[in-house]
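Below: one structure, written as structure tokens.
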Amino acid sequence: MEPILQLESARLVMRQFRDEDLADFAAMSADPQVMRYFPAPLSRLESAALIGRVRGHFAEHGYGLWALERKDNGAFIGFTGLGVVGFDAPFTPAVEIGWRLAREHWGLGYASEAAWTALRCGFDRLGLKQVVAFATRANEPSQKVMQAIGMHHDPDGDFAHPRLASDDPLRDHVLYRITREQWLQTLHG
Ligand SMILES: CC(C)(COP(=O)(O)OP(=O)(O)OC[C@H]1O[C@@H](n2cnc3c(N)ncnc32)[C@H](O)[C@@H]1OP(=O)(O)O)[C@@H](O)C(=O)NCCC(=O)NCCS
């Protein structure tokens, strides 16, 4: 299958990361507010490495985290996309959906708009049967995006993130799911 390099929503172009995005991406990922539900903000080097991993994921799987560009002003505002879950858990193997936006672009519906577009791509074009999402339990803004795109909390799937230390307060994660059938129901009422 041809890689899905670009998607479009009403207000966003969802495209490949460009080298020129690094400054804005690194600034976003160094913002303690943006990263408050993660172990630590990222250094510029860590952000550059993450862009490298995103490109590698596209090369391997043909989809991944798309950089988000606002159509109205061309600004890079973050990422949203699909990824193969990179650790073992009772719900893996699975494809997850995720997002991160720069703070000045929160509260405008861009994350949900991009998430909806990525989810549709997963079911319509990639033929996925199910998509999962997870976040540390306290991350309510992220769970609101999950709910906005029709995902359901699966309490039986909640898990301790294996990449976090056992005494890390962020370790406790909630699991959300949506199946292709559930997604079709949200489309057709
Ligand atoms: C999670 C995150 C992407 C959510 O961003 P967001 O802007 O709150 O999410 P949405 O795009 O769904 O926007 C919803 C908000 O925009 C408002 N809004 C304004 N215009 C809107 C529109 N046209 N359509 C939809 N919502 C709109 C909604 O009322 C809602 O506001 P509220 O949060 O006060 O209820 C953001 O908080 C973030 O980047 N966090 C840091 C990274 C992170 O934690 N990522 C997830 C890890 S699991």
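Keep in mind that the numbers below use all heavy atoms, side chains included, and drop hydrogens, waters and symmetry copies. First listed ligand is number 1; within each ligand, the first listed atom is number 1. Owing to the predicted nature of the structure, the values given are computational and were not obtained by experimental measurement.
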(request) Run through ligand 1 for me and note each protein residue having a heavy atom under 4.0 Å from it, chain first, then residue number. (result)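 Those residues closer than 4.0 Å to ligand 1 by some heavy atom are R11, V34, F38, W99, R100, L101, W106, G107, L108, G109, Y110, A111, S112, F134, A135, N139, P141, S142, K144, V145.
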
(request) State which residues pass side-chain contact (heavy atoms from CB on, under 4.5 Å) with H61; sequence neighbours excluded, sorted by chain then number. (result)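 side-chain contact (heavy atoms from CB on, under 4.5 Å) list for H61, sorted by chain: H57, Y63, V84.
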
(request) Please name all residues satisfying ring pair (Phe, Tyr, Trp, His ring centres under 6.0 Å) with H153, sequence neighbours left out, ordered by chain then number. (result)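 So H153 forms a ring pair (Phe, Tyr, Trp, His ring centres under 6.0 Å) with Y176.
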
(message) Is it true that, when you exclude L184 itself, more than 12 heavy atoms of the residues, nucleotides or ligands shown sit nearer than 6.0 Å to its CG?
(response)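 Count over threshold, so yes.
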
(request) Could you label the plane-to-plane angle of the Y110 and H105 rings as parallel, tilted or perpendicular, counting under 30° as parallel and over 60° as perpendicular? (result)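 Ring orientation, 0 to 90° scale: perpendicular.
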
(message) Could you measure the distance from the CD atom of E69 to the CG atom of D21? Nearest 0.5 Å is fine.
(response)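 Going from the CD atom of E69 to the CG atom of D21 covers 8.0 Å.
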
(message) List the residues meeting salt bridge (Lys or Arg N to Asp or Glu O under 4.0 Å) with D154, not counting sequence neighbours, and say none if there are none.
(response)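 Here the qualifying residues are R177.
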
